[in-house]
Amino acid sequence: MTKNDFMKQAANAAMENMKTQGGPFGAVIVKDNKIIATGSNRVVPNNDPTAHAEIQAIRAAAAKLGTFDLSDCDVYTSCEPCPMCLGAIYWAKVKNVYYANTRYDAAEIGFDDNFIYEELEKPMDKRSINFIKLDSTEATESFEIWKKTENKKEY
């Protein structure tokens with residue numbers, strides 16, 4: 001299959017998803033020139049704000065492969081990933097991301113995430129959601145224990 005074939009599959013996932021109240025976003029994850037996972041935007045039907053196409057595909061691929069490290073995989077997505085999906089893609093260590101529509105195209109149809117990009121550039125005390133640091137002995141202790149743990153699996 002070609003890159004365009006994989007993109008067609010991501011676009012098809014988006015089209016099919018809209019038939020069941022999902023958003024117009026689809027993604028596939030490819031390893032060794034084979035689709036190993038597909039995802040579509042299920043935010044509304046699942047009442048889950050994290051159920052974006054790329055997140056759904058990453059979860060499925062990681063489960064199928066039995067690893068959180070997708071560094072030998074590519075993501076094909078019908079739209080440029082939002083900040084949340086972008087973060088997940090980086091954490092999954094995906095090799096390449098191929099996308100069709102841009103975030104500006106998405107904004108034109110009511111999916112504008114530019115405010116998140118703007119929020120991330122602001123200092124914590126200037127963001128629209130309050131971020132309040134609390135001291136926690138228990139939270140600090142968990143970090144100290146992690147630091148000393150010898151047989152931990154890094155990611």
Peer 1: When hydrophobic residues are tied together by side-chain contacts of less than 4.5 Å, even through go-betweens, does V75 share a cluster with V30?
Peer 2: no
Peer 1: Residues two or more places apart in sequence or in another chain: which of them pass side-chain hydrogen bond (donor to acceptor under 3.5 Å, both in side chains) with D74?
Peer 2: N96
Peer 1: Would you please name every residue forming a side-chain hydrogen bond (donor to acceptor under 3.5 Å, both in side chains) with N114, sequence neighbours left out?
Peer 2: E118
Peer 1: Could you list the residues that satisfy ring pair (Phe, Tyr, Trp, His ring centres under 6.0 Å) with F131, not counting sequence neighbours?
Peer 2: none
Peer 1: Nearest 0.5 Å, what's the CD-OG1 distance between E144 and T149?
Peer 2: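 Here the interatomic distance stands at 10.5 Å.
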Peer 1: Just checking, is any N or O donor in the side chain of D69 or T67 under 3.5 Å from an acceptor N or O on the other one?
Peer 2: no
Peer 1: Under the rule for salt bridge (charged side-chain N to carboxylate O under 4.0 Å, His left out), what residues qualify as partners of K153, not counting sequence neighbours?
Peer 2: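 If we apply the salt bridge (charged side-chain N to carboxylate O under 4.0 Å, His left out) test to K153, skipping adjacent residues, there are no hits.
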Peer 1: List in chain and number order the residues that pass ring pair (Phe, Tyr, Trp, His ring centres under 6.0 Å) with F111, two or more places apart in sequence or in another chain; answer none if no residue qualifies.
Peer 2: F25
Peer 1: Just jot down the salt bridge (charged side-chain N to carboxylate O under 4.0 Å, His left out) partners of K152, sequence neighbours excluded, or say none.
Peer 2: none
Peer 1: Output the distance between atom CD (E16) and atom CG (N12), rounded to the nearest 0.5 Å.
Peer 2: 7.0 Å
Peer 1: Take atom OH of Y90 as the centre, draw a 6.0 Å sphere, and report whether it contains more than 12 heavy atoms from other residues, nucleotides or ligands.
Peer 2: no
Peer 1: Please check if atom NZ in K126 has more than 12 non-hydrogen atoms from other residues, nucleotides or ligands closer than 6.0 Å.
Peer 2: no
Peer 1: What side-chain donor-acceptor pairs closer than 3.5 Å can you find for residues 78-89, not counting sequence neighbours?
Peer 2:
| unit_1 | atom_1 | unit_2 | atom_2 | d |
| --- | --- | --- | --- | --- |
| S78 | OG | G26 | N | 3.0 |
| S78 | OG | G26 | O | 3.4 |
| E80 | OE1 | R103 | N | 2.9 |

Peer 1: When you compare the side chain of Q9 with that of I35, does any pair of heavy atoms fall below 4.5 Å?
Peer 2: yes
Peer 1: Go through the structure and list residues passing ring pair (Phe, Tyr, Trp, His ring centres under 6.0 Å) with F6, not counting sequence neighbours.
Peer 2: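 By the ring pair (Phe, Tyr, Trp, His ring centres under 6.0 Å) rule, F6 matches Y76.
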Peer 1: Going through the distances and angles, do T38 and Q56 end up as a side-chain contact (heavy atoms from CB on, under 4.5 Å)?
Peer 2: CA-CA 7 Å; T38 301; Q56 300 284 79; over 6 Å; no
Peer 1: Any chain of hydrophobic side-chain contacts (each under 4.5 Å) joining W91 to L70?
Peer 2: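 Not linked; separate clusters.
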Peer 1: Indicate whether any N or O donor in one side chain lies under 3.5 Å from an N or O acceptor in the other, for E119 and S128.
Peer 2: yes
Peer 1: NZ/K3 to NZ/K8 distance, rounded to the nearest 0.5 angstrom?
Peer 2: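 Those atoms lie 14.5 Å apart.
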Peer 1: Can you list, by chain and residue number, the hydrophobic cluster partners of M18 when the side-chain cut-off is 4.5 Å?
Peer 2: M15
Peer 1: Output the distance between atom CG (D32) and atom CG (D72), rounded to the nearest 0.5 Å.
Peer 2: 6.5 Å
Peer 1: Could you tell me which residues satisfy side chain to side chain contact (heavy atoms under 4.5 Å, CB included) with P49, sequence neighbours excluded, listed by chain and number?
Peer 2: none
Peer 1: Specify the closest pair of heavy atoms between A61 and A37, including all atoms of both residues, with the distance to one decimal.
Peer 2: N-CB, 3.5 Å
Peer 1: Are more than 12 heavy atoms, taken from residues, nucleotides or ligands other than E150, located less than 6.0 Å from that residue's CD atom?
Peer 2: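 Atom CD in E150 is not packed in, count stays at 12 or less.
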Peer 1: Rounded to the nearest 0.5 Å, what separates atom CD in E54 from atom CZ in R59?
Peer 2: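 Answer rounded to 0.5 Å: 12.0 Å.
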Peer 1: Out of curiosity, does V28 fall in the hydrophobic cluster containing Y98 (side-chain heavy atoms, cut-off under 4.5 Å, transitive links)?
Peer 2: yes
Peer 1: Check whether any side-chain heavy atom of V43 sits under 4.5 Å from a side-chain heavy atom of D48, and report yes or no.
Peer 2: no
Peer 1: Cluster partners of I116, using ILVMFWY side-chain heavy atoms under 4.5 angstrom, listed by chain and number?
Peer 2: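 Besides I116, the hydrophobic cluster comprises F115, L120, listed by chain and residue number.
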Peer 1: How long is the span from the SG atom in C73 to the NZ atom in K93, to the nearest 0.5 Å?
Peer 2: 12.5 Å
Peer 1: Using every non-hydrogen atom in the two residues, find where K64 and I36 come nearest and quote the distance to one decimal.
Peer 2: CD-O, 3.3 Å
Peer 1: With N41, which residues qualify under side-chain hydrogen bond (donor to acceptor under 3.5 Å, both in side chains), at least two apart?
Peer 2: none
Peer 1: Using a 3.5 Å distance criterion without hydrogens, assess whether the side chain of D105 forms a donor-acceptor pair with backbone atoms of T102.
Peer 2: yes
